[in-house]
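A note on names: the letters A, B, ... follow the listed sequences, proteins ahead of strands, and every chain is numbered from 1.
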Amino acid sequence: MPRVNVRLHGVFSDFAGGARSTTVDASTVGTAIDALAQRFPSLRERLRDEHGRLREHIGVFARGEEIQHAGGESQAVADGDTVHIVPAMSGGG
Amino acid sequence: MPTYRDYFAELKERIKEATPQQVDAILRSEDVQLGDVREKNEWDEGHIPGAVHVPKSYLEQWAEDRLPNKDKLTVLYCAGGVRSAMAADTLAKLGYTNVLSMAGGFNRWKDSGFRWAKPESLTADQAQRYSRHLLIPEVGEAGQHKLLKSKALLIGAGGLGSPAAFYLAAAGVGTLGIVDSDVVDATNLQRQILHSTERIGEPKADSAKATLEAINPDVTVIPYKERLTSENIDRIIGDYDVVIDGADNFPTRYLLNDASIKWRKPVVHGSIYRFEGQVTVFKPFEGPCYRCLFHQPPPPELAPSCAEAGVLGVLPGVIGTIQANEALKLLLGIGEPLVGRYLLFDALDATFREVRLRRDPECPVCGEHPTITEYIDYEGFCASPGEWLAEHAAKAEQKVAAPAD
């Protein structure tokens with residue numbers, strides 16, 4: 001199983017005990033997110049809605065592309081790839 | 001001992017010349033590099049449209065910047081045809097393969113009735129103030145004029161708006177609109193560098209105006225001491241060439257997005273959280289918009305403001321200056337703006353990461369079949385986006401089911 005880096009941007013790291021990145025075993029973006037949610041249960045409902053769909057206010061990127069334009073959650077990931085989970089931020093300082 | 005006359009006669013043997021009539025025909029039919037080798041005071045009195053200024057005194061140093069293609073036909077002119085003949089000889093020594101000198105120069109060109117233009121010129125003070133811009137070929141005097149005539153609208157005179165406005169004013173962007181309904185508070189001063197201790201309690205838009213006009217008297221600052229709303233945004237946004245989004249709330253960001261699509265205004269987006277910042281350029285119909293990226297705003301617990309979550313004081317400085325950089329590029333029409341490129345900065349790692357953004361064909365505002373075609377209740381949408389969208393869809397269906405008579 002490929003070892004994949006997951007980078008938690010912005011507020012998401014607060015729901016992962018302050019972890020800003022972690023490594024999971026996963027072959028697709030979707031399974032990487034599930035592995036992440038298993039490790040940090042507080043993230044589960046912040047990432048997926050009651051139907052299990054990714055929430056609409058999150059940008060998920062793998063291999064430099066937003067996954068909604070590159071195969072969605074079934075997009076394959078390889079050893080060493082990084083999945084970025086990016087929240088919409090409103091802060092203007 | 002050869003005389004000047006001998007030297008020049010021998011030089012003329014080596015170079016090629018063309019009459020103004022021939023040059024006019026060439027300019028109309030071929031892709032050429034046209035260089036004016038006269039001095040600045042002569043250039044300022046008028047030149048051939050499309051020419052670049054490469055004064056003979058700087059020819060060797062500037063030629064490769066301003067006449068970049070050594071194999072392209074290059075036409076040079078001066079006032080009477082002497083300096084351009086010498087310049088043509090110099091360019092040949094620098095490796096230019098196809099250079100023509102215009103015989104009779106600009107004087108004969110004008111006397112023959114061909115077109116010419118007198119450029120707007122900077123004042124002596126402006127030439128000094130913007131001298132470092134004038135030295136850059138991509139800006140130069142024409143670019144500086146463009147900036148002086150440009151209008152940039154800043155949403156927010158806070159953390160992001162402060163550095164962005166500072167650099168746009170210093171650069172000579174002629175009109176800066178500042179939308180901010182807040183007053184300066186002591187807690188702002190750790191990062192909002194437009195303001196100062198003695199201005200606590202003053203409207204931020206007025207404080208920004210005082211600071212920016214003190215930096216550069218060429219700049220007119222228009223303060224809008226109001227919150228951006230569906231009612232006032234059309235009045236405000238229409239006059240501006242570019243918008244810098246430093247808003248501190250989602251309703252304003254979604255409203256600005258929808259208005260920017262309506263008015264086709266590029267938005268330089270910036271947002272920050274503690275140690276992280278995001279920057280991109282939303283250029284309507286050429287790249288994605290904010291809704292293509294984030295279909296809905298997050299619930300409040302996932303979107304704390306800087307007041308709730310805190311922010312490293314310097315972070316908006318980094319992101320706001322990148323916003324100013326993008327705005328200047330857009331105004332000048334140079335470089336590769338961050339259209340479709342999402343730049344993610346992490347101050348703790350000191351890393352920049354870039355990911356690609358694409359237009360969403362199903363975007364409700366800029367997609368193939370837009371469903372949001374007028375301003376909406378942004379507060380309601382952001383408070384409960386799922387509910388709002390369901391109601392909106394139901395209303396749209398009712399309209400389809402029961403068309404007006």
- Checking Cys292(B) against chain A: side chain, backbone, both or neither under 4.5 Å from a heavy atom? backbone

- Item | Contact winner vs chain A - Ala247(B), Pro316(B), Gly156(B), heavy-atom pairs under 4.5 Å | Ala247(B)

- Item | Region of Ile319(B) that comes under 4.5 Å of a non-hydrogen atom in chain A | neither

- Closest heavy-atom contact between Ile272(B) and Gly92(A)? CD1-C, 3.9 Å

- Looking at Leu357(B), Leu302(B), Leu160(B), which one has more heavy-atom pairs under 4.5 Å with chain A than the rest? Leu302(B)

- Does the pair Ile58(A) and Phe294(B) meet the rule for a side-chain contact (heavy atoms from CB on, under 4.5 Å), with working shown? CA-CA 7 Å; Ile58(A) 302 171; Phe294(B) 295 118; 5.8 Å; no

- Side chain, backbone, both or neither: which part of Pro297(B) has a heavy atom under 4.5 Å from chain A? backbone

Counting backbone as well as side chains, what donor-acceptor pairs lie under 3.5 Å between chain B and chain A?
unit_1	atom_1	unit_2	atom_2	d
Gly159(B)	N	Gly92(A)	O	3.4
Gly159(B)	N	Gly93(A)	O	3.0
Leu160(B)	N	Gly92(A)	O	3.0
Arg191(B)	NE	Gly93(A)	O	2.7
Arg191(B)	NH2	Gly93(A)	O	3.3
Gln192(B)	NE2	Gly93(A)	O	2.6
Ala247(B)	O	Gly92(A)	N	3.3
Arg253(B)	NE	Ser90(A)	O	3.4
Arg253(B)	NH2	Ser90(A)	O	3.2
Arg253(B)	NH2	Gly91(A)	O	3.3
Ile272(B)	N	Gly91(A)	O	2.9
Tyr273(B)	OH	Asp14(A)	OD2	2.7
Arg274(B)	NH1	Asp14(A)	OD1	3.3
Arg274(B)	NH1	Asp14(A)	OD2	3.3
Glu276(B)	OE1	His9(A)	ND1	3.2
Glu276(B)	OE1	Gly10(A)	N	3.2
Glu276(B)	OE2	Gly10(A)	N	2.9
Gln278(B)	NE2	Pro87(A)	O	3.2
His295(B)	N	Glu56(A)	O	3.3
His295(B)	ND1	Glu56(A)	OE1	2.5
Asp346(B)	OD1	Arg20(A)	NH2	2.7
Asp346(B)	OD2	Arg7(A)	NH2	2.3
Asp346(B)	OD2	Arg20(A)	NH2	2.2
Asp349(B)	OD1	Arg20(A)	NH1	3.3
Arg356(B)	N	Gly64(A)	O	2.8
Arg358(B)	O	His69(A)	NE2	3.4
Arg358(B)	NE	Glu65(A)	OE1	2.9
Arg358(B)	NH2	Glu65(A)	OE1	3.3
Arg358(B)	NH2	Glu65(A)	OE2	2.5

- Task: State which residues pass side chain to side chain contact (heavy atoms under 4.5 Å, CB included) with Phe275(B); sequence neighbours excluded, sorted by chain then number.
- Result: Leu312(B), Ala347(B), Leu348(B)

- Using the side chain to side chain contact (heavy atoms under 4.5 Å, CB included) rule, pick out the option among Val355(B), Leu293(B), Leu344(B) that qualifies with Val86(A). Leu344(B)

